[in-house]
Amino acid sequence: MTFSWLKRYAPRSLYGRAALILLTPIISIQLVVSVVFVQRHYQDVTEQMSRNVALELRYIQEQIESDQSTGVPAGVIALADALRVDMSMPDPAPVVADRRRFYDLSGRIIIATLRQDLPGVTGIDLIRDKKQVHLTLNTAPGPLGLEFPRSRMSASNPHQLLVLMTGVGFLMSVIAFLFLRNQIRPIRRLAEAAQAFGRGHSVPYRPSGATEVRAAGSAFLGMRNRIERQIEQRTVMLSGVSHDLRTPLTRLKLGLSMLDDGPDTAELLGDVRDMEAMLDTFLDFARLDSLDDLEQVVPADLLEAAAEGAGRAGHRVCVIGPAVTTPVMLRPMALRRALDNLVNNAVRHGTRIELSCQISERAVVFTVEDDGPGIVPEARERAMQPFTRLDDARSQNVGGSVGLGLSIALDIARQHGGTLRLDRSERLGGLRADLVLAR
Ligand SMILES: Nc1ncnc2c1ncn2[C@@H]1O[C@H](COP(=O)(O)OP(=O)(O)OP(=O)(O)O)[C@@H](O)[C@H]1O
Ligand SMILES: [Mg+2]
């Protein structure tokens with residue numbers, strides 16, 4: 001048997017779960033103790049006290065009956081006084097039925113015990129006065145009215161233990177909550193640091209808390225350092241190579257421009273320009289981590305700008321669908337680069353290109369669609385890896401393509417807490433690239 005259905009109702013946060021684990025035993029213990037206590041205390045103690053009083057009343061009753069004169073003998077009056085029982089004979093207002101408030105639990109026991117132990121009771125009234133018990137006894141000389149304090153039969157302040165228990169339970173829960181909060185805080189800080197790192201920020205973090213949390217924190221720090229070092233090495237290497245290649249390339253270009261114009265020279269110059277474009281892409285890729293900062297951006301503006309840029313280069317790119325004008329926290333320059341990469345791919349492979357944008361509660365999605373050949377599903381994963389070109393060998397290295405466009409777009413999406421999704425465009429038949437970004 002599994003308890004998976006329980007999970008649906010269980011609190012999601014660690015705080016909530018810990019609170020549940022803490023409160024369940026406290027409340028159960030309180031309930032059990034309360035029930036047992038109420039039973040024992042109300043029932044047993046009240047019963048014993050009532051039985052004692054019944055004995056005294058019975059003694060009074062017997063004294064009156066054994067005396068043959070009418071009226072109450074002086075000895076009995078003195079006795080009743082000593083027992084703090086008020087007597088009236090004959091009773092001016094005889095009680096004919098048992099009366100108690102419905103929530104008066106000990107009252108039920110008082111009535112039951114008196115009825116059992118005192119023959120000749122006509123009625124017991126617990127309502128007339130909350131602190132007094134009124135009852136009428138049938139005796140040979142006539143109805144005898146008796147009145148005595150309720151406190152002689154009910155345990156006084158029976159709720160004290162309950163109040164104390166609830167109070168202490170509450171106090172303990174509050175203290176436990178405070179401790180718990182201190183235990184959970186390091187876990188939350190670790191989660192925040194990990195989440196921020198996933199989005200490309202390196203927030204200050206120092207392991208703290210219980211040993212296990214500390215261990216996880218140290219492991220996270222080690223991992224973060226290693227990843228940062230690797231990224232740094234990648235950056236240094238790529239920018240070093242690009243930078244070093246640029247100088248001879250510039251010299252080459254200068255040399256070529258000195259030569260006579262001819263088809264060969266033009267071709268060579270074109271190649272050199274392609275190489276420059278490739279170096280630019282390398283540098284872009286290398287610098288991915290020094291992204292611009294997050295700011296409020298209107299998605300529709302970003303789409304328009306991307307479409308306009310492609311338009312200037314002579315391509316037909318249109319923005320479709322309703323314009324999303326809600327500002328979203330994004331890195332505009334990085335995103336512009338990601339969109340440009342997708343649009344460049346689209347214009348390279350297709351003739352009709354459509355851009356659109358959708359926004360939801362948690363994400364904003366930029367979509368680039370074209371009517372080109374698309375990418376077969378098996379190759380989509382591979383297409384997003386760095387330095388991967390799927391085009392056949394013939395067209396490789398044409399137009400400065402190095403196979404970084406999609407992986408740069410994917411990196412940028414990840415740094416926005418999102419991803420890049422490739423699919424087949426339903427409308428145009430080519431590739432559909434969704435840049436999904438967390439809001
Ligand atoms: N819109 C598209 N339609 C068809 N194939 C595509 C499309 N976009 C990308 N591809 C395929 O995916 C491969 C990887 O694309 P990516 O943008 O990463 O590199 P690239 O375009 O070849 O080079 P770069 O963008 O760096 O100039 C491309 O070589 C191409 O084969
Ligand atoms: Mg590309």
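Numbering of residues begins at 1 and proceeds along the displayed sequence. All ligand and atom numbering here is 1-based and tracks the order in the structure.
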**Parallel, tilted or perpendicular: ring planes of F177 versus Y15, cut at 30 and 60 degrees** = perpendicular
Whether [Y] and [X] form a salt bridge (side-chain N of Lys/Arg under 4.0 Å from carboxylate O of Asp/Glu) is what I want to check.
X	Y	result
D280	R246	yes
R336	D340	yes
E147	R128	no
R58	D117	no
D125	R99	yes

**Heavy-atom gap G374 to ligand 1 smaller than 4.0 Å** = yes
Ligand 1-proximal atoms of [X], by part, heavy-atom distance under 4.0 Å:
X	result
R389	both
M384	neither
D370	side chain
L431	side chain

Run the numbers for me: atoms of ligand 1, each under 4.0 Å from some heavy atom of [X], listed by number.
X	value
T388	13 (C), 14 (C)
A383	12 (O), 14 (C), 18 (O)
G403	18 (O), 19 (O), 20 (P), 22 (O), 23 (O), 24 (P), 26 (O)
R348	20 (P), 21 (O), 22 (O), 23 (O), 27 (O)

**Fill in**
I26 and S173 have their tightest heavy-atom pair at CD1-OG, 3.6 Å
**Sidechain-backbone polar pair: R316 side chain, R352 backbone, donor-acceptor under 3.5 Å** = no
**Asked** Are any of the N/O atoms in S407 less than 3.5 Å from those in ligand 1?
**Response** no
**Item:** Polar atom proximity, I375 to ligand 1 (N or O, under 3.5 Å)
**Value:** no
**Request:** Select the closest option to atom 28 (C) of ligand 1 among L404, L406, L422, L390, judged by heavy-atom distance.
**Result:** L390
**Message:** Between S106 and R150, do the side chains contain a donor N or O and an acceptor N or O under 3.5 Å apart?
**Reply:** yes
**Item:** Under 2.8 Å: N/O/S of N345 next to the Mg ion (ligand 2)
**Value:** yes
